[in-house]
Each structure stands twice: as structure tokens, then as C-alpha cells.
Amino acid sequence: MKAYIFLAAAIVSELFGTSMLKASDGFTKAGPAIGVLMGFASAFLFLSLSLKMIPLSIAYAIWSGAGTAATAIIGVLVWKEKISTATLAGIILIIAGVIVINLKTEVDK
């Protein structure tokens with residue numbers, strides 16, 4: 001369970017770092033630029049801690065899939081970006097892929 005808490009912290013940190021990347025305006029704003037560095041450093045730290053107990057394929061699938069889907073949602077809600085039907089379908093497919101990978105791993109145990 002602790003490993004999944006680390007993985008959740010990695011996802012949140014990555015989302016923060018990515019949001020700060022947008023806010024940094026090409027690294028021209030110091031505060032958000034520092035936020036990028038802190039967010040991604042934290043994300044990799046927490047991801048590395050989760051990898052002590054979660055297989056790489058599972059951890060990375062969850063981290064990247066959840067991060068991609070949540071980043072798209074943040075883009076719409078925070079940054080007022082438009083979302084297309086194709087983008088929404090892609091997010092659903094990412095989530096489905098993560099579920100399939102996790103189910104396959106559980107069957108193999």
C-alpha cells in the first residue's frame with residue numbers, strides 16, 4: 001500500500017511540475033520555473049521509491065497514463081484549452097490500457 005502512496009505522490013508532483021511548465025511561459029517566469037524543477041524532482045523521487053515494491057511496467061503505466069489523462073483535464077479546467085472528441089477518446093483509451101496492463105499482471109501472479 002505504501003508503494004501506491006508514493007506512486008500517487010509521484011503523479012501529483014508530475015502534474016504540479018507540468019502545470020508550472022505551462023505557467024513558466026517558456027521559463028521566463030522564475031517562480032513557476034522553480035516549481036517545474038521542484039515538481040519533476042519530487043515526481044522522480046517518489047516514482048523511484050514506488051519502484052522498490054511495484055514492477056516498473058505497472059508503475060510506469062499508471063504514472064504516465066494517469067499523468068497524461070489528468071494533464072489533459074487540467075488543461076481544460078485550468079488553462080481553458082479546448083478538448084476534442086478525439087482527445088477524449090484518447091484519454092479513455094489510455095485509461096483502458098492501464099487497466100488492461102494491471103489486469104494482465106494480476107493474472108500472471
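Just so it is clear, the structure is predicted and the values come from calculations on it, not from any experiment.
Across every non-hydrogen atom of Ala43 and Ser13, the tightest pair is N-CB, 3.5 Å. The shortest non-hydrogen separation linking Gly17 to Val36 is O-CG2, 3.7 Å. The nearest pair of heavy atoms linking Ala66 to Ile11 is CB-CD1, 3.8 Å. Taking every heavy atom of both residues into account, Gly35 and Phe16 meet most closely at O-CE2, 3.4 Å. Considering every non-hydrogen atom in both Ala59 and Leu51, the closest pair reads CB-CD2, 3.5 Å.
Residues Ile73 make up the rest of the hydrophobic cluster containing Leu77, defined by ILVMFWY side-chain heavy atoms closer than 4.5 Å, directly or through other members. Grouped by direct or indirect side-chain proximity (heavy atoms under 4.5 Å, Ile/Leu/Val/Met/Phe/Trp/Tyr only), Leu49 sits with Phe6, Leu45, Phe46, Met53.
Just one residue in the list Ile62, Thr68, Ile58 forms a side-chain contact (heavy atoms from CB on, under 4.5 Å) with Val98, and that residue is Ile62.
The OG1 atom of Thr87 lies 11.0 Å from the CD1 atom of Ile92; values are rounded to the nearest 0.5 Å. In this structure, Leu37 CG and Phe27 CZ are separated by 5.5 Å, a value rounded to the nearest 0.5 Å. Note that the CG atom of Asn102 and the CD1 atom of Ile99 stand 8.0 Å from one another [nearest 0.5 Å]. The line from OG1 of Thr71 to CD of Glu14 is 5.0 Å long, rounded to the nearest 0.5 Å.
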Practice task
Begin from the C-alpha positions of Ser19 and Ile74 and carry the test side-chain contact (heavy atoms from CB on, under 4.5 Å) through to its verdict.
Solution key: CA-CA 8 Å; Ser19 294; Ile74 289 169; 3.7 Å; yes

Practice task
Report the C-alpha distance between Ile91 and Ile83 in whole Å, list the side-chain angles of each, state the deciding distance to 0.1 Å, and finish with yes or no for side-chain contact (heavy atoms from CB on, under 4.5 Å).
Solution key: CA-CA 11 Å; Ile91 292 168; Ile83 189 167; 4.1 Å; yes

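Grouping the Ile, Leu, Val, Met, Phe, Trp and Tyr side chains by contacts below 4.5 angstrom, directly or via other members, places Phe44 with Leu7. No continuous path of hydrophobic side-chain contacts links Val76 to Ile94 [ILVMFWY only; heavy atoms under 4.5 Å].
Partners of Tyr60 according to the ring-ring contact (aromatic ring centres under 6.0 Å, His included) rule, which considers only residues two or more places apart in sequence or in another chain, are Trp63.
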